[in-house]
Amino acid sequence: MISDCKHLFIGLSRRSTGEASYMIKQLSSLSSLENVLLVVNRTLENVVASYKGKKSFHDMTGMPFQDILAELRDFFKNFKTVTLIDINAFFLEYNIREHQRNDFLYFLEEIHNSGIIVSIVDYFGTCTLSEEEYTKRLYAARERIKSKIQGILVTTRIGYYLRKFIPERMEIQLIPPLKGPLIIRPIPLNREEVWNNRVIGYKNLLGIVPRKREKKNRKTVFVGLSRFFEYTVEHLIIRNLCKGIFFKLKEVLDIERIVCIDPFSCIEGIDLPKGMRLETYKWLEAGNLEQILEEALFAGLFIPYGTVGTLALNCGVPFVSFYASTSSVLSDNFRSLMNGQLFPGFYGLGIWEDEIYFPDLAYSNPYFNSVSFCDICDSHAFINLANDFKNGIAEERVQHYQNWVTTLNTPLFSSCFDYISHLSYKAKIGGNC
């Protein structure tokens, strides 16, 4: 099968469900998948089950870092182009250190210089384009993370982890300027920019033409939990947080049903407000998810840049991102939701490393202006959220987003793929690009 393929799209992480589902939608939009191979970790087999193109699976979990490089070097030789679809998730999951990150990037430069066109899907704008940008963003992120963990004592388990490991893990996410490999940035998570021959963008609407939906009284809320939570946040904390939020929602909105993607069975059996029921699923295929979203008042995540958010907005469904602007030590409201547990602030729950990219990603980006942010540290947050629905503001945000994406001039993924294929042809007949 490999010998028939020229173009490799590869995911290295076993928890990158969003990146994998993101990519199969893009690949499925191509006119032909004849020469394309998708490779992901075997644990994601169910995530890519609906993909009709050629696919294969690996399991490098637990392999020494240098063995991973050797395995990839040998494998990449079979292709004309190699696109990495989850490099940030890979760095986090494998606890990559700075020198290993640099070795990996040098390895990609070597592969690219050998005539194989290497590209990185830069979902979150973590690939910097100059040393000045790299230095400036690194310093700003170091300052921001301090405010999120303020009040969390270093003598606690979470306090030690945040100070000992998070700064380096956060900094590893920011990628220094690359010389050869291409950077591919999907819109709308990234801002529309002026592209060049190495930094290219494509419009990614997940195969859904933005549409309005029928107005009616909806009493269902969809909530998604990330697979990354399983290893970064204690299950009790997630249970307490979800329970607290569900009770708050019931106080201000007429909610009867919560549908939740819970990949690690974390919130099954939690206490619920009277008159509310909970349905949990480890995974939902796109068609089933869209059906549930159609029934939902809104889609809620603990990550403002999650795939489900884009899917919801395209389907005309308001997208709510729950976040904490400060630690539970400094917020009575947050601490109450957590049953007194100490916990740092967050944009993406359990992903404090996103301080390195999310504020920059969201800056002047119309996509994030369309998200309904709910700061659980704010005592009025849930009342304000309810008012947004009662006054039509949440629906206006959706319409703002849909109006914006219709004006985008960014090409589709197929054009991006054609460009990369063309570069591989040039490399074959004329040397390196």
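When all heavy atoms of Ile172 and Arg97 are compared, the closest pair comes out as CD1-C, 3.7 Å. Residues Ser370 and Leu313 share a closest heavy-atom pair of O-CD2, 4.1 Å. Looking at every heavy atom in both residues, Thr410 comes nearest to Glu192 through OG1-OE2, 2.9 Å. The shortest non-hydrogen separation linking Ile85 to Ala20 is CD1-CA, 4.4 Å. Of all heavy-atom pairs spanning Val47 and Ile24, the tightest one is O-CD1, 3.7 Å. Closest of all the heavy-atom pairs between Arg142 and Glu171 is NE-OE2, 2.8 Å.
Tested against Phe358, the residues Phe124, Tyr347, Tyr123 include a single ring-ring contact (aromatic ring centres under 6.0 Å, His included) partner, Tyr347. Under the ring-ring contact (aromatic ring centres under 6.0 Å, His included) test applied with Tyr202, the options Tyr22, Trp195, Phe413, Tyr419 reduce to a single match, Phe413. If you run side chain to side chain donor-acceptor pair (under 3.5 Å) between Ser16 and each of Asn88, Asp86, Asn41, only Asp86 comes through.
Between the side chains of Tyr401 and Asn314, a donor-acceptor pair is found at a separation under 3.5 Å. For the residue pair Asn403/Thr407, the side-chain donor-acceptor check at 3.5 Å is not satisfied. The closest side-chain donor-acceptor pair between Lys52 and Ser28, if any, does not fall under 3.5 angstrom. Between the side chains of Ser372 and Asp388, no donor N or O sits under 3.5 Å from an acceptor N or O. Between the side chains of Glu295 and Thr220, not a single donor N or O lies within less than 3.5 Å of an accepting N or O. Inspection of the Ser13 and Tyr94 side chains reveals no N or O donor paired with an N or O acceptor under 3.5 Å. With hydrogens and angles left out, the side-chain atoms of Tyr305 and Tyr357 include a donor and acceptor closer than 3.5 Å. In this model, a donor atom of one side chain and an acceptor atom of the other lie less than 3.5 Å apart for Ser119 and Thr83. Of the N and O atoms on the side chains of Asn113 and Glu109, not one donor lies less than 3.5 Å from an acceptor on the other residue.
Within the 4.5 Å cutoff, the side chain of Glu395 has heavy atoms near those of the Pro318 side chain.
Comment: Glu45 does not engage Lys55 in a salt bridge, judged by the lack of any side-chain N to carboxylate O separation of less than 4.0 angstrom. Contact check on Lys282 versus Asp262 returns no salt bridge, with no Lys/Arg side-chain nitrogen under 4.0 Å from an Asp/Glu carboxylate oxygen.
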| field | Asp122 vs Arg185, salt bridge (charged side-chain N to carboxylate O under 4.0 Å, His left out): CA-CA, chis, key distance, verdict | value | CA-CA 5 Å; Asp122 187 16; Arg185 289 179 170 166; 2.9 Å; yes
| Candidate pair Arg211 and Glu290, rule salt bridge (charged side-chain N to carboxylate O under 4.0 Å, His left out), full reasoning | CA-CA 12 Å; Arg211 60 177 183 260; Glu290 287 179 44; 3.6 Å; yes
